[in-house]
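Notes follow once the structure below has been shown.
Atoms within each ligand, like the ligands themselves, are counted from 1 in listed order. We count residues from 1, following the sequence as given.
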Amino acid sequence: MAESKSAKLLVEGKEIELPILSPTAGPDVMDIRKLYGQADVFTYDPGFTSTASCDSTITFIDGDKGELWYRGYPIEQLADQSNYLEVCYLLLYGELPTAAQMKDFETRVTRHTMVHEQMHNFFRGFRRDAHPMATMVGVVGAMSAFYHDSTDISDPQQREIASIRLIAKLPTIAAMAYKYSIGQPFVYPRNDLSYAANFLHMCFSVPAEQYRVEPALAKAMDRIMTLHADHEQNASTSTVRLAGSSGANPFACIAAGIACLWGPAHGGANQACLEMLREIGSVDRIPEYIARAKDKDDPFRLMGFGHRVYKNFDPRAKVMKESADEVLELLGIHDNPTLQVAKELEKIALEDDYFVSKKLYPNVDFYSGIILEAMGFPTAMFTPIFALSRTVGWIAQWKEMISDPQNKIGRPRQLYVGSPRRDYQDMGER
Ligand code: CMC
């Protein structure tokens, strides 16, 4: 980060000089850390539309060009040539692994795929009809009650073990949440399978029958995981960082990230999108929904469209669309009504002036739901799959923050617009 430029700000006649930091890629950043001390003013930026909350070496997004890099590598290359576990290594340690490093990493992750047996009882405390995200928030938070030997965040070794445990156990926990919701027995992980294939095995196999994971579906699942692995300072990642900045343990921080991801404006959009496609139901009803999306008085939005940062296209959506075509072809799904609505909606929205002028393009969630539904997942499992895939990104960001000597507790300020100071009145005088 070079610091050679500066900006001058005039605050009520007083000139303040602010350093401008130049990143490796992306726009320059004005450093306002000393602003309050020098000028007695805060900056105001609800939703952080103009604010960088940290520096990071992990992920880069160019929203205008539609680019996404993990540690400098374009997402398209990783989705095509790498695999999810290798991407996990890259995100966590900064470089692609050698063969020996990869083997060691795989062994470390697969040794941690089972959860403490007593956690089974914990699942049984939930209602069967609980949303799997509700179960995951609870169970992942409860990991702090089971793995005491990896909650001391000042110990790098414990941080490492907690990271591996989270990456290894999240698929097991998500699959258990699913099995519990449908009344089937929990399926233990199989460490001879790839990360993605093992997840499909834990979700779809039953003790009474042999289950063979279709390699093409495992590959598609691996790709979904890779595309969701990290996305710089989005809402859930910022939540993980903010929770972690107070010194909270990693299991609690990841549970906070899962809770934030659940919202329909974020990870919950994949479920909301598929439910919307089903609600539209047939191609002839699309104009009605497009009109609703444009109506300022109607809160309805086209789910799976738009992004805070991507204003050209979402590069993950492009790869996901290819995957969707491959999976549907493989499974022989051609005339599914949801798919027909999705294709037609995409076409109409991409030509419609409202969506074009506001740069609203299909995002990753528009296509991921189509693939996951074709694989046999219920919509309630879409967001848990996003959560388990994003866990590595949350951890990489959390680790980066903890080991940064500049790390401070996150504490935004506010523009207070409430009542001026007033005196308490006795009840009889109100
Ligand atoms: N349908 C209709 N209009 C929309 C949509 C949409 N999906 N998204 C944005 N707009 C309009 C919005 O009404 C606003 O119009 P105006 O300028 O006239 O007030 C304009 O576009 C800008 O929207 P914004 O809400 O200021 O943009 P934002 O950056 O705050 O929100 C977003 C980004 C992703 C929350 C939003 O586009 C949205 O709600 N999309 C649907 C939910 C969705 O698909 N979320 C998944 C995002 S990708 C995966 C992830 O990050 O988790």
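Ring to ring, Tyr70 and Phe60 are not that close: their centroids are 6.0 angstrom or more apart.
Ranking protein heavy atoms by distance to atom 41 (C) of ligand 1, first place goes to Phe305 O, 3.4 Å. Atom 39 (O) of ligand 1 has its closest protein heavy atom at Arg301 NH1, 2.9 Å. Looking only at heavy atoms of the protein, atom 43 (C) of ligand 1 is closest to Ala269 CB, 3.5 Å. In terms of protein heavy-atom proximity, atom 51 (O) of ligand 1 is closest to His266 ND1, 3.5 Å. Protein heavy atom at the shortest distance from atom 46 (C) of ligand 1 is Asp365 OD2, 3.3 Å. Looking only at protein heavy atoms, the nearest one to atom 3 (N) of ligand 1 is Tyr354 OH, 3.0 Å. Closest protein heavy atom to atom 30 (O) of ligand 1: Arg308 NH2, 3.0 Å. What sits closest to atom 8 (N) of ligand 1 on the protein, heavy atoms only, is Leu360 CD2, 3.6 Å.
Per-atom contact check: atom 1 (N) of ligand 1 touches the protein, criterion being a heavy-atom distance below 4.0 Å. For atom 13 (O) of ligand 1, the nearest protein heavy atom lies closer than 4.0 Å. Distance check on atom 22 (C) of ligand 1: every protein heavy atom falls at or beyond the 4.0 Å cut-off.
Nearest residue to atom 45 (N) of ligand 1 from Ala265, Ser368, Ala349 is Ala265 (criterion: closest heavy atom). Nearest residue to atom 47 (C) of ligand 1 from Thr237, Asn363, Leu261 is Asn363 (criterion: closest heavy atom).
Remark: Lys311 does not engage Asp64 in a salt bridge, criterion side-chain N to carboxylate O under 4.0 Å. Between Arg241 and Glu400 a salt bridge is recorded (basic side-chain N to carboxylate O distance below 4.0 Å). The residues Lys399 and Glu160 are annotated as salt-bridged, a charged nitrogen and a carboxylate oxygen being separated by less than 4.0 angstrom. Classification of Arg159 and Asp152 as a salt-bridged pair fails, no side-chain N sitting under 4.0 Å from a carboxylate O. Salt bridge Arg285/Glu288: present, at least one basic N to carboxylate O contact under 4.0 Å. Comment: Arg278 engages Glu373 in a salt bridge, judged by a side-chain N to carboxylate O separation of less than 4.0 angstrom.
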Might you work through the side-chain hydrogen bond (donor to acceptor under 3.5 Å, both in side chains) test for Ser236 and Asn234, ending with a clear yes or no? CA-CA 6 Å; Ser236 57; Asn234 56 82; 2.9 Å; yes
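Around the CZ atom of Phe48, the shell of radius 6.0 Å holds no more than 12 heavy atoms that belong to other residues, nucleotides or ligands.
The closest donor-acceptor contact from the side chain of Glu17 to the backbone of Lys8 lies at 3.5 Å or more, if one exists at all.
Residue contact check: Ala293 has heavy atoms under 4.0 Å from atoms 2 (C) of ligand 1. Annotation for ligand 1: atoms under 4.0 Å from non-hydrogen atoms of Gly304 are 43 (C), 44 (O).
In Phe366, neither the side chain nor the backbone holds a heavy atom less than 4.0 Å from any atom of ligand 1. Only side-chain heavy atoms of Lys358 come within less than 4.0 Å of ligand 1; its backbone N, CA, C and O stay farther off.
Ring-plane geometry between Phe305 and Phe366 is classed as perpendicular, the angle between the planes exceeding 60 degrees on a 0 to 90 degree scale with a lower cut at 30.
In the model, His231 has no side-chain atom that pairs as donor or acceptor with a side-chain atom of Thr237 under 3.5 Å.
Using 4.0 Å as the threshold, Phe386 has a heavy atom nearer than that to some atom of ligand 1. Look at Lys296 and you'll find a heavy atom under 4.0 Å from some atom of ligand 1.
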